[in-house]
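The structure appears below as structure tokens.
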Amino acid sequence: MGLTTTKSLVKCLTYSPLLAYWCGFDIMKKTPSESVFSRFEKGLTSLEMQKTLSDLCTSLASQVLSITGSEGEIVLDSTDIPARERPRKNSTTGAGFGHRTASAGETESFYGYKLHLSAVNTKHGPIPLAAKFAPANISDYEFAQDLMKESYSLHGKALGFAPRYYLMDAGYDAEYIYLQALKLHGQAIIKLNHRRKKGAYKDYISDGTPLCPGRNPMVYCGTEKKNLTNKFRCPIACGKQVECKGECRCGSSYGYVKRVSIKENPRMFCSPHRGSRTWKELYSQRTSIERLFSLLKGHLYMDRLTKRGIGKAFTDVMVCLITFLAATMVQISNEALKKAA
């Protein structure tokens, strides 16, 4: 509805008995005053209530996930939540200066907070699993491990199996995140961040494809799951048109073969291989969380804070996520009823 003040909410409830009824109020009684709502909001910002909201969000996510099932893909990303206050270097409300990448690719600064979120891809769309709320100056990758662990635990309890992939953008390109995914019996699908690494790749190209002795990119031929190694073959033996002066010295028609261990360099090598079609298809699924952020902001006004302070901002964001999960559950139930009828 776009209501930005408690006063406007009270006015709408007073003049619309139907709205009051759908919000759970007894229309035969007087509409609660502004002071009643203010006291209620103040109670929501206590640490005890914030934990209750977080637990409720987790419980709803588990219930929705048990209904929707999963594609085995966990997506991690963050989104900016501008603060409703004048920007200050030494903020006392928890807000901070952060950066975001605009659609055109340039970097913009903003003042406020960030919601760090993990979501699982399902046939009904992305479902939020774990969330962290922090000042905007906290880096994305600092929450990645906790989000991965919480998502792994919730996914396993709800469905009985572990997620297969963790999809993230280049902002999460850190070796310990790849190692964390392997520990959770999954694979991190992350776009490489090549900043300050020009000329660092001598034996392979920028996507991790190794070069043969003739300095030509080799052909990916799958992953040997038993010892977690990627297998690459001679490009000529695989039908590629490349220049070769016999540096490989391979006598068989199968050609020169090279195996690389994912565990030895988990950042550069992964399964499926970063240059393969399967990897690119998986990485393209990462945009689902961007659509989720767009929905949360466009329809549930998650980025339109009306109160100052990180505690109140956290409460607003949690209520927004709870509303989304509850609405998703109702929608799925209605669709099931229609099919049954």
Side-chain angles (χ1 to χ4, degrees), residues 54-55 57-79 115-132 140-192 222-226 228 230 262-263 266-274 276-293 295-296 321 324-325 328-329 332:
S54 182
D55 291 343
C57 191
T58 301
S59 176
L60 281 172
S62 180
Q63 293 178 55
V64 175
L65 186 58
S66 63
I67 297 172
T68 62
S70 164
E71 303 293 333
E73 301 163 0
I74 303 295
V75 191
L76 274 70
D77 205 354
S78 68
T79 189
L115 170 64
H116 303 266
L117 190 69
S118 70
V120 58
N121 286 337
T122 75
K123 60 182 179 181
H124 295 278
I127 303 298
L129 290 186
K132 302 290 181 183
D140 292 354
Y141 57 79
E142 292 192 29
F143 294 102
Q145 287 183 301
D146 288 338
L147 291 174
M148 291 167 73
K149 290 177 184 177
E150 291 178 25
S151 300
Y152 171 84
S153 176
L154 185 59
H155 192 281
K157 290 178 181 178
L159 300 175
F161 66 93
R164 292 175 296 170
Y165 302 106
Y166 296 86
L167 318 180
M168 293 164 256
D169 61 24
Y172 296 87
D173 182 26
E175 186 170 347
Y176 67 86
I177 294 179
Y178 295 91
L179 289 171
Q180 180 66 52
L182 292 176
K183 288 179 182 178
L184 298 177
H185 311 291
Q187 174 64 61
I189 304 295
I190 306 175
K191 186 177 181 180
L192 284 176
T223 301
E224 297 174 349
K225 298 294 184 181
K226 187 176 180 180
L228 208 59
N230 284 346
I262 294 174
K263 290 183 179 179
R267 178 179 172 269
M268 184 57 65
F269 306 116
C270 59
S271 175
H273 175 54
R274 187 174 275 104
S276 66
R277 183 180 62 183
T278 304
W279 188 95
K280 293 175 182 177
E281 289 174 352
L282 281 169
Y283 187 75
S284 68
Q285 300 303 312
R286 191 196 64 80
T287 57
S288 63
I289 199 168
E290 295 175 358
R291 295 192 296 272
L292 174 60
F293 286 145
L295 188 152
L296 291 171
L321 291 174
F324 172 80
L325 288 166
T328 301
M329 187 178 293
I332 294 171

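For this chain, numbers begin at 1 and follow the sequence in order.
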Look up atom [atom1] in [X] and atom [atom2] in [Y], then write down how far apart they are to the nearest 0.5 Å.
| X | Y | atom1 | atom2 | answer |
| --- | --- | --- | --- | --- |
| Leu117 | Leu147 | CG | CG | 7.5 Å |
| His124 | Leu65 | NE2 | CG | 11.0 Å |
| Leu325 | Thr58 | CG | OG1 | 9.5 Å |
| Ile67 | Ile127 | CD1 | CD1 | 9.5 Å |
| Lys132 | Glu142 | NZ | CD | 13.0 Å |

Where [X] and [Y] come nearest, the two heavy atoms and their spacing:
| X | Y | result |
| --- | --- | --- |
| Pro163 | Tyr152 | CD-CD1, 3.9 Å |
| Ser288 | Pro126 | O-CG, 3.5 Å |
| Tyr141 | Tyr172 | CA-CD2, 3.9 Å |
| Leu115 | Ala131 | CD1-CB, 3.9 Å |

| task | Check side chain to side chain contact (heavy atoms under 4.5 Å, CB included) between Ser59 and all other residues, then give those that pass, not counting sequence neighbours. | result |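 Applying side chain to side chain contact (heavy atoms under 4.5 Å, CB included) to Ser59 gives Gln63.
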[X] side chain near [Y] side chain, heavy-atom distance below 4.5 Å:
| X | Y | value |
| --- | --- | --- |
| Leu296 | Thr79 | no |
| Ile262 | Thr223 | yes |
| Pro272 | Leu282 | yes |
| Ile190 | Arg267 | no |
| Ile74 | Met148 | no |

When you measure from the side chain of [X] to the backbone N and O of [Y], does any donor-acceptor pair fall under 3.5 Å?
| X | Y | answer |
| --- | --- | --- |
| Asp140 | Asp77 | no |
| Ser118 | Ala130 | yes |
| Thr287 | Glu290 | no |

Would you list the atom pairs, donor with acceptor, under 3.5 Å between side chains in residues 177-187 and any protein atom, with sequence neighbours excluded?
{"residue": "Tyr178", "atom": "OH", "partner": "Asp173", "partner atom": "OD1", "Å": "2.9"}
{"residue": "Tyr178", "atom": "OH", "partner": "Arg274", "partner atom": "NH2", "Å": "3.4"}
{"residue": "Gln180", "atom": "OE1", "partner": "Gln145", "partner atom": "NE2", "Å": "3.3"}
{"residue": "Gln187", "atom": "OE1", "partner": "Ser271", "partner atom": "N", "Å": "3.3"}

| query | Going by the side-chain hydrogen bond (donor to acceptor under 3.5 Å, both in side chains) test, which pairs reach into residues 154-170, not counting sequence neighbours? | reply | Ser70-His155
| Quick check: are there more than 12 heavy atoms from other residues, nucleotides or ligands sitting under 6.0 Å from OH of Tyr283? | yes
| query | Is there a side-chain hydrogen bond (donor to acceptor under 3.5 Å, both in side chains) between Asn121 and Glu73 once you walk through the steps? | reply | CA-CA 6 Å; Asn121 286 337; Glu73 301 163 0; 3.0 Å; yes
